Amino acid sequence: MTQADIGLIGLGVMGANLALNIADNGYKVAVFNRTAEKTTAFMENAAHLKDQFIACYSLEELAAAIKAPRPIIMMVKAGEAVDQQIEALKPFLEENDILIDAGNSDYHDSNRRYRALADTPFTFVGMGVSGGAEGARHGPSIMVGASDAAYARIQPILDAISAKHNGEPCSALMGPEGAGHFVKTLHNGIEYADMQMIAEVHEVLTKCLGLSIAEQAAVFKKWNEGPLASYLIEITANVMDVIDEESGKPILDVILDTAGQKGTGRWSAVEAHALGVPATGIDAAVASRCISANRVLRQEIAEIYPNNETPLTWDDKQAGIDACERALIAGKIAAYAEGFAVLAAGGAENGWNLPMGTIARIWRQGCIIRSRFLDEIASAYDEKPDLQSLYLAPTIAERMKDAAPGLRKTLAKAIGSGIPMPGLAAAMGSFDMMRQKRTAAYVIQGQRDFFGQHGFERTDKPGTDFHGPWPAGGA
Ligand code: NAP
């Protein structure tokens with residue numbers, strides 16, 4: 001029997017779809033799953049692609065089924081399962097075999113695994129894959145953390161299976177070690193911010209503009225033809241169109257208001273804090289999911305503090321809809337400016353030269369945050385690869401100047417109406433602070449010196465260790 005070009009371990013939702021995608025692209029795949037029944041079921045469902053697979057029921061069989069040196073993708077649960085899988089595979093590996101962790105791993109784990117395997121004859125690759133099951137099946141966005149040599153060997157397969165944007169593969173090398181998983185983490189963080197802001201605007205459309213869900217679906221479809229064009233806007237319209245079969249109501253009316261999370265959004269926020277770079281939009285989105293999940297407590301608090309605010313409306317409905325569109329554009333710019341700043345800082349901290357323009361480019365198709373706006377980010381980095389902030393890019397500045405007043409108007413109406421706007425308010429606050437020549441932080445410096453003699457700098461002369469003539473009570 002011809003040996004396989006690649007191995008794949010883990011035939012869950014993502015692994016099975018990725019295996020089918022690889023086979024579709026003409027590669028032979030040896031497949032293995034811890035629970036044997038899943039391998040059998042996978043083969044039974046492989047239909048016309050069946051001959052492209054070699055079903056393996058032990059790791060020894062798997063290793064024997066792949067041409068050496070072997071690339072093996074692990075698409076298993078993130079965390080300990082990956083370490084266990086690597087250890088279990090080691091006895092069957094040979095020199096130059098490449099172990100590719102394609103799950104949503106913590107990038108610190110990928111750094112550790114990369115370094116640990118560097119002392120062995122094998123190579124570790126940490127690979128972020130975005131796009132959910134559909135992306136895995138028909139073309140995901142792929143963020144690779146690998147040595148140049150390992151990447152050169154697996155690149156043809158990755159380019160083939162990835163999504164394409166104008167014929168360009170949405171797959172690229174981000175750097176060594178955990179660089180791929182770091183970029184994937186921030187992708188998910190930005191995704192959280194995007195989703196939260198869309199949910200907030202839906203509430204404004206409902207409460208301040210009185211639009212039904214069906215009317216909102218039409219608005220989102222229209223927005224999807226403009227600067228907001230993106231997968232998330234498109235699927236929001238699609239979700240709004242769906243009627244629940246049991247109740248006959250729009251499905252959004254019967255879905256419980258608690259949003260789950262698997263951790264990558266939170267990791268983004270934690271990384272941003274550790275790097276000392278603001279990611280207020282991501283923070284707000286993570287916090288909002290936590291608040292949403294605390295449903296029982298919310299019911300109790302809501303009894304004490306009912307929202308009695310009269311909704312603030314717009315006299316001109318279309319003006320309100322336009323303001324909401326601009327609010328989302330401005331919020332998106334703020335969230336991406338922060339997200340890309342975290343990426344740059346994380347790259348510098350880890351000694352990776354993250355390809356910022358390429359990141360924007362490979363997110364244009366295949367992944368959940370794919371959008372037209374990413375073209376503008378890619379162009380901004382093409383024009384100035386060392387761009388310090390997206391806010392400084394001329395095209396983005398033009399867009400922000402146009403959109404920010406819409407965000408401000410939308411927030412004024414929403415907050416006046418008692419509608420929670422953590423994501424969009426964070427975007428506004430972050431942008432407003434970033435454009436201050438003098439922030440209010442001088443008050444904080446005064447307080448810090450008063451109670452802790454931390455010293456401050458002055459505006460009128462050089463030096464770093466000035467103290468105030470504080471009255472008694474100062475430290
Ligand atoms: P899934 O359907 O739950 O499948 C999990 C797979 O991991 C199964 O094949 C399972 O094998 C295997 N597994 C679990 N623990 C194991 C262990 N200790 N040793 C060996 N194998 C083990 O999950 P999934 O959605 O495909 O996700 C797989 C990975 O992709 C995760 O890291 C996930 O975060 C990531 N990811 C998911 C998505 C998504 O949209 N679902 C998107 C991007 C990335 P058994 O059948 O034996 O249990």
Side-chain angles (χ1 to χ4, degrees), residues 6-16 18-19 29-36 38-39 56-66 68-130 136 142-147 149-151 153-154 158 173-188 261-268 270-271 274 346 350 352:
I6 189 164
L8 191 142
I9 297 174
L11 293 170
V13 177
M14 290 296 284
L18 203 63
V29 193
V31 292
F32 170 85
N33 193 73
R34 177 182 65 172
T35 308
K38 234 180 231 175
T39 310
C56 304
Y57 290 91
S58 72
L59 293 175
E60 189 173 8
E61 254 183 69
L62 179 83
I66 312 164
R70 309 170 178 86
I72 302 177
I73 293 178
M74 296 175 291
M75 191 52 116
V76 299
K77 195 171 171 223
E80 268 177 40
V82 178
D83 290 311
Q84 289 165 4
Q85 199 58 73
I86 293 173
E87 285 312 308
L89 263 171
K90 271 185 182 171
F92 309 107
L93 297 180
E94 289 170 18
E95 198 164 347
N96 294 327
D97 285 354
I98 301 176
L99 282 184
I100 306 160
D101 171 20
N104 268 344
S105 290
D106 182 333
Y107 95 91
H108 296 287
D109 284 340
S110 301
N111 277 352
R112 169 177 59 75
R113 291 171 186 140
Y114 183 96
R115 287 168 199 156
L117 263 80
D119 294 332
T120 71
F122 331 121
T123 305
F124 177 81
V125 169
M127 187 168 96
V129 176
S130 176
I142 305 178
M143 296 140 263
V144 190
S147 66
Y151 181 64
R153 279 185 41 214
I154 57 176
L158 301 184
L173 180 65
M174 301 288 101
E177 305 173 332
H181 278 134
F182 178 71
V183 175
K184 166 70 163 124
T185 300
L186 263 298
H187 165 283
N188 286 24
Q261 51 182 319
K262 285 193 180 159
T264 42
R266 189 171 58 236
W267 289 350
S268 295
V270 168
E271 290 310 324
N350 285 282
W352 309 321

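Everything quoted here is computed from the prediction, not taken from an experiment.
Summarising the geometry of M143 relative to S130, their closest heavy-atom pair is CE-CB, 3.8 Å, with the distance given to 0.1 Å. In terms of heavy-atom proximity, G178 sits nearest to N111 at N-OD1, 2.7 Å. Between V129 and A102, the closest heavy-atom pair is CG2-O, 3.8 Å. Pairing each heavy atom of A78 with each of N104, the nearest pair is CB-O, 3.4 Å. Nearest heavy atoms, W352 versus G346: CE3-O, 4.3 Å. The two residues V29 and A19 come nearest to each other via the heavy atoms CG2-O, 4.0 Å.
Two residues are said to be in side-chain contact when any heavy atoms from C-beta on lie closer than 4.5 Å; V76 and V82 meet this criterion. Annotation: side chain of T120 is not in contact with side chain of L93 (no heavy-atom distance under 4.5 Å). With a 4.5 Å cut-off on side-chain heavy atoms, I66 and P71 count as touching. Using a 4.5 Å heavy-atom threshold, the side chains of R113 and L99 count as separate. Side-chain contact between Q84 and K77 is absent, with no heavy-atom pair separated by less than 4.5 Å. Using a 4.5 Å cut-off on side-chain heavy atoms (C-beta onward), I72 and D97 make no contact. Side-chain contact between F122 and L89 is absent, with no heavy atoms from C-beta onward closer than 4.5 Å. Counting heavy atoms from C-beta on, the side chains of D109 and H181 never come closer than 4.5 Å.
Side-chain contact, S105 with D101: a donor N or O sits under 3.5 Å from an acceptor N or O.
Exactly one of Y114, F182, W267 qualifies for a ring-ring contact (aromatic ring centres under 6.0 Å, His included) with Y107. That residue is F182.
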task: Report the C-alpha distance between K262 and N188 in whole Å, list the side-chain angles of each, state the deciding distance to 0.1 Å, and finish with yes or no for side-chain contact (heavy atoms from CB on, under 4.5 Å).
output: CA-CA 10 Å; K262 285 193 180 159; N188 286 24; over 6 Å; no
- request: Please step through side-chain contact (heavy atoms from CB on, under 4.5 Å) for the pair L59 and F32, ending with a clear verdict.
  value: CA-CA 7 Å; L59 293 175; F32 170 85; 3.6 Å; yes
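Between the CG atom of D83 and the CE atom of M74 there is a distance of 9.0 Å, given to the nearest 0.5 Å. Distance check, rounded to the nearest 0.5 Å: CD1 of I86 to CD1 of I9 gives 9.5 Å. The CE atom of M14 sits 4.0 Å away from atom CE of M75, with the distance rounded to the nearest 0.5 Å. The CD1 atom of I73 lies 5.0 Å from the CD1 atom of I100; values are rounded to the nearest 0.5 Å. For the atom pair CG of L173 and CG of L158, the computed distance is 10.0 Å after rounding to the nearest 0.5 Å. Distance CG/N33 to OG1/T39: 4.5 Å, rounded to 0.5 Å.
The pair R112-D106 does not meet the salt-bridge criterion, since no charged nitrogen lies less than 4.0 angstrom from a carboxylate oxygen.
Within a 6.0 Å sphere centred on CD of E60, other residues, nucleotides and ligands contribute 12 heavy atoms or fewer.
Side-chain N or O atoms of R70 include none that pairs as donor or acceptor with a backbone N or O of G7 at under 3.5 Å. Side-chain atoms of R153 come within 3.5 Å of backbone atoms of N96 as a donor-acceptor pair (strictly under, hydrogens ignored). The backbone N or O of E177 lies less than 3.5 Å from no partner atom in the side chain of S110, so there is not a single donor-acceptor pair.
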